[in-house]
Amino acid sequence: MDEGGVVGANKVVADVVRERLFLYDTTLRDGQQTQGVQFSTPEKLQICAMLDRLGVDYIEGGWPGANPTDSAFFAEAPETRARMAAFGMTKRAGRSAENDDVLAAVVNAGTQSVCLVGKTHDFHVTTALGIELDENVENIRASVKHLVTQGREALFDAEHFFDGYKANAAYALECLKAAHEAGARWIVLCDTNGGTLPVEIGQIVGEVIAAGIPGDHLGIHTHNDTANAVAGSLAAVDAGVRQIQGTLNGLGERCGNANLVTLIPTLLLKEPYRSRYETGVSEEALQGLTQVSRQLDDILNRVPVKQAPFVGASAFAHKAGLHASAILKDPSTYEHVDPGVVGNTRVIPMSNQAGQSNLRRRLAEAGLEVPAGDPALARILDEVKAREDRGYTYDSAQASFEVLARQVLGQMPEFFEVKRYRVTVERRKNKYDQMVSLSEAVVVVKVDGEKRLSVSESMDEAGTDRGPVNALATALAKDLGQYQEAISDMHLVDFKVRITQGGTEAVTRVIIDSEDGAGRRWSTVGVSPNIVDASFEALLDAINWKLLRETQAG
């Protein structure tokens, strides 16, 4: 092990020694401070395994003793390649480090590394803590020394450092020096309020190093309140820090923390970072980045951000006809990296801005080879544009586009035929004398040459009403004869509704995202003045697209 706790800290590439940057993930603690996010212990263990496979150097598991979930996590914490870190705060005033029960709970978690947060802004010391400035410095010094005496790798999170430095640079530096002199391996400069701009971060980091705190002992911890957390972290690296803290998908309090899902590929793929620095993330692990990002969203039951850099579904989507034409000739014309290096894929959406270049490329991706100049191309384009005039959108519903194109080309199998369907919604009292809703759907399909009737209610096993669309989806997928097994692993993951026209002529657009056991995710669209009809149309396309994939695979 080297001083930072990771084998192979430096590596010679093309006769140039690349410096080691250490990645410190705080998803399990800072990420849990996101509004609406509360990890269970099994979820924290699952995320921990994801982070370790990715190759981060440190995983901060949480604050032992602060809540039952974090305490349970440390009790079950697995063996990891990454260093596991427990988080806590410096000792409280009026007691020794050895006799502070809060500090003891953190130390007793038994982790190799311990990160303690302490105040470095004089305003917070006198106002929030209500103690003398010198006493706060001594609390920092004694707490870090206590960790070092225990044989732990000590990290000091300098809370509100940048605001504190701008208010009273001498005092903020005194706090850092106390931690450094006491033996802290890492001193992490925190932009806790997220308001310091990258140019200020770079300047202040340079002044901290000039004041005697070595850059290879400095880390950066930024928040995204001005949408500059990633840029601020990179500015700190440029100025000399060698540890970066952040979270997966930028989770965190308020506007979030620095997004490691953006920082990692930037460091590995972009100059000058690619040539100057090395991280613990391999090229192979980088190819799993998109999957990691989306897996976290699945755990949180969140819809992935389509415009997320590198990993978003739209990160490599080329809608304009001119762009798609150039992409066909050379992808680098409109892509800054190959989407495959981060595990993402290129998308050529269909829309009313599309030309034949977009169309042929998208058809080819669906396995449909149509030569240039074929009259069918014009027919498909005309149909897409006519439908978009009626409220459809195919740039975010790729599966529906493929179903439509195959129908125009005469290459869409008729797996089953819907003869009729009905949905009823009833309000009635339950056994607790409460008014509740219950929907019932009836669907009649013709498949395998015979009619089949299926009925489903909207009430789930827990007694919760899931709504009329859920009842309709369940009934539709209940009995499709020979195709039933093919759709058994399919489920809906998102349902979006939009009114595309106002007034008495309002039209409803429904977009449904579906997923299967193989991890495939696809989107379909339906449009109608009636939300149930629009939903049913999108459901039909979703099932037909799934059956296309399964029958082609067979």
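A donor-acceptor contact under 3.5 angstrom links the side chains of Thr196 and Asp191, judged on distance only. No hydrogens or angles considered: nothing links the side chains of Arg466 and Ser458 as a donor-acceptor pair under 3.5 Å. In the model, Tyr58 has no side-chain atom that pairs as donor or acceptor with a side-chain atom of Gln245 under 3.5 Å. No hydrogens or angles considered: nothing links the side chains of Asp30 and Thr247 as a donor-acceptor pair under 3.5 Å.
Considering only residues two or more places apart in sequence or on other chains, Phe73 meets the ring-ring contact (aromatic ring centres under 6.0 Å, His included) condition with none of them. Considering only residues two or more places apart in sequence or on other chains, His124 meets the ring-ring contact (aromatic ring centres under 6.0 Å, His included) condition with His121, His160. Residues satisfying the ring-ring contact (aromatic ring centres under 6.0 Å, His included) test with His146, not counting sequence neighbours, are none. Checked against side chain to side chain donor-acceptor pair (under 3.5 Å), Asp225 has the following partners two or more places apart in sequence or in another chain: Arg254.
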Just distance, no hydrogens or angles: give the donor-acceptor pairs under 3.5 Å from side chains in residues 128-136, sequence neighbours left out.
unit_1	atom_1	unit_2	atom_2	d
Asn136	ND2	Lys119	O	3.0
Asn136	ND2	Tyr171	OH	2.9

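Salt-bridge formation is detected for the pair Lys166/Glu200: a Lys NZ or Arg NE/NH1/NH2 atom is positioned less than 4.0 Å from an Asp or Glu carboxylate oxygen. A salt bridge links Asp513 to Lys496: one of the charged nitrogens lies within less than 4.0 Å of a carboxylate oxygen. Between Asp516 and Arg521 there is no salt bridge, since none of the side-chain N atoms of the basic residue sits less than 4.0 Å from a carboxylate O of the acidic one. Salt-bridge formation is detected for the pair Asp101/Arg92: a Lys NZ or Arg NE/NH1/NH2 atom is positioned less than 4.0 Å from an Asp or Glu carboxylate oxygen. Taking 4.0 Å as the cut-off between side-chain N and carboxylate O, Glu174 and Lys177 do not count as a salt-bridged pair. A salt bridge between Arg520 and Glu515 is absent, with no side-chain N of the basic residue lying under 4.0 Å from a carboxylate O of the acidic one. Ion pairing between a basic and an acidic side chain is recognised when a charged N comes within 4.0 Å of a carboxylate O; Asp216 and Arg20 show no such pairing.
A distance of 5.0 Å separates CG in Leu296 from CG in Asn249, rounded to the nearest 0.5 Å.
Between Asn257 and Glu253, the shortest heavy-atom contact is OD1-N, 4.1 Å. Nearest heavy atoms, Val261 versus Asn259: N-OD1, 2.9 Å.
Annotation: Gln46, atom CD; neighbour count of heavy atoms from other residues, nucleotides and ligands within 6.0 Å is above 12. At most 12 non-hydrogen atoms from other residues, nucleotides or ligands lie less than 6.0 angstrom from CD of Glu284. Within a 6.0 Å radius of CD in Glu283, other residues, nucleotides and ligands contribute 12 heavy atoms or fewer.
Pro64 is not listed as a side-chain neighbour of Asp70, based on a closest heavy-atom distance of 4.5 Å or more.
Cation-pi contact between Arg18 and Tyr277: absent, since separation from the ring centre below 6.0 Å together with deviation from the ring axis within 45° is not met.
Tyr24 has its ring centre no less than 6.0 Å from the ring centre of Trp186.
Within the structure, side-chain hydrogen bond (donor to acceptor under 3.5 Å, both in side chains) contacts touching residues 229-242 (residues at least two apart or in different chains) are Glu19-Arg242, Thr222-Ser233, Asp238-Tyr273.
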